[in-house]
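Since the structure comes first, as structure tokens, the remarks are kept for the end.
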Amino acid sequence: QVQLVESGGGLVQAGGSLRLSCSASGSIKRNVAMGWYRQATGNERELVATITNSGTTNYADFVKGRFTISRDNAKNTVYLQMNSLKPEDTAVYYCNAKRLITGWGTDWGQGTRVTVSS
């Protein structure tokens with residue numbers, strides 16, 4: 001499985017912005033898609049956004065219009081630009097890779113913590 005390392009989280013006030021990065025150990029072009037998930041304390045992990053290797057993006061309703069997922073194949077990196085952040089966006093954010101045969105990965109990493117203050 002591809003190794004993924006998230007970074008870019010931190011503390012931000014409501015209405016602010018952050019950009020998360022997900023660095024992959026190998027070429028992300030091998031994957032069907034890349035995605036960002038998040039998990040708030042006490043909640044289930046939920047899918048936030050996905051991007052295919054052709055650039056097609058999809059977003060969960062609760063972030064649509066505020067978050068943007070992108071990828072840089074040359075850097076083997078996926079980004080999540082988060083604007084107009086709300087306290088309810090507070091969570092640990094994880095990236096994941098979807099392979100053609102095995103689907104989404106099941107070995108979750110450390111993630112990066114985002115805290116949005118009111």
Side-chain angles (χ1 to χ4, degrees):
Q1 302 293 326
V2 63
Q3 295 182 359
L4 305 171
V5 179
E6 303 93 341
S7 63
L11 175 65
V12 65
Q13 292 186 343
S17 298
L18 285 172
R19 189 176 77 158
L20 308 183
S21 298
C22 173
S23 178
S25 61
S27 175
I28 59 177
K29 296 190 295 292
R30 75 183 73 172
N31 303 310
V32 174
M34 301 293 295
W36 284 96
Y37 289 74
R38 71 185 187 186
Q39 186 170 27
T41 301
N43 291 357
E44 297 293 315
R45 184 181 289 109
E46 59 188 353
L47 182 63
V48 175
T50 61
I51 183 168
T52 70
N53 59 9
S54 64
T56 301
T57 59
N58 284 284
Y59 299 92
D61 288 341
F62 50 82
V63 302
K64 201 168 188 177
R66 299 188 297 122
F67 292 9
T68 303
I69 187 172
S70 62
R71 66 195 297 160
D72 186 333
N73 290 337
K75 295 181 178 179
N76 292 324
T77 302
V78 181
Y79 304 97
L80 185 68
Q81 178 67 47
M82 305 185 296
N83 298 325
S84 302
L85 283 162
K86 305 174 181 180
E88 50 263 46
D89 294 319
T90 296
V92 178
Y93 285 72
Y94 304 88
C95 60
N96 206 343
K98 185 179 183 179
R99 301 298 301 273
L100 179 63
I101 301 301
T102 58
W104 291 104
T106 57
D107 188 13
W108 300 96
Q110 181 179 357
T112 186
R113 185 176 299 276
V114 172
T115 302
V116 184
S117 62
S118 60

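Values reported hereafter were calculated over all heavy atoms of this structure, with side chains retained and with hydrogens, waters and symmetry mates removed. Positions are given from 1 along the sequence.
- Minimum interatomic distance between A40 and A91 (heavy atoms only, all atoms of both residues): N-CB, 3.7 Å.
- By the criterion of side-chain heavy atoms lying less than 4.5 angstrom apart, applied directly or through intervening Ile, Leu, Val, Met, Phe, Trp or Tyr residues, V32 is not grouped with Y37; the two fall into different hydrophobic clusters.
- A 6.0 Å sphere centred on CD of E88 holds more than 12 heavy atoms belonging to other residues, nucleotides or ligands.
- Counting only residues at least two apart or on different chains, the ring pair (Phe, Tyr, Trp, His ring centres under 6.0 Å) pairs with a member in residues 43-101 are Y94-W108.
- From S25, atom OG reaches atom CG of L4 across 7.0 Å, with rounding to the nearest 0.5 Å.
- Heavy-atom minimum distance, A97 versus M34: CB-SD, 3.6 Å.
- Partners of S7 by side chain to side chain donor-acceptor pair (under 3.5 Å), not counting sequence neighbours: none found.
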Acceptor/donor pairs from residues 13-21 side chains to any protein atom, 3.5 angstrom cut, sequence neighbours excluded:
unit_1 : atom_1 : unit_2 : atom_2 : d
S17    : OG     : N83    : OD1    : 2.8

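- The backbone N or O of G35 sits nowhere less than 3.5 Å from a side-chain atom of N96 that would complete a donor-acceptor pair.
- In this structure, OG1 on T50 lies 8.0 Å from NZ on K98, to the nearest 0.5 angstrom.
- Between V63 and the options L85, L80, V48, a side-chain contact (heavy atoms from CB on, under 4.5 Å) holds for only V48.
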Could you pull out all donor-acceptor pairs under 3.5 Å where a side-chain atom in residues 68-78 meets a protein atom, sequence neighbours excluded?
unit_1 : atom_1 : unit_2 : atom_2 : d
R71    : NE     : N73    : OD1    : 3.2
R71    : NH1    : I51    : O      : 3.4
R71    : NH1    : T52    : O      : 3.0
R71    : NH2    : I28    : O      : 2.9
D72    : OD1    : A74    : N      : 3.1
D72    : OD1    : K75    : N      : 3.3
N76    : OD1    : I28    : N      : 3.4
T77    : OG1    : K75    : O      : 2.9

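- With sequence neighbours left out, the salt bridge (charged side-chain N to carboxylate O under 4.0 Å, His left out) criterion links E46 to R38.
- Applying the salt bridge (charged side-chain N to carboxylate O under 4.0 Å, His left out) rule to pairs touching residues 59-70 yields R66-D89, sequence neighbours excluded.
- Atom-to-atom distance recorded for Q39:CD and R113:CZ is 10.0 Å, nearest 0.5 angstrom.
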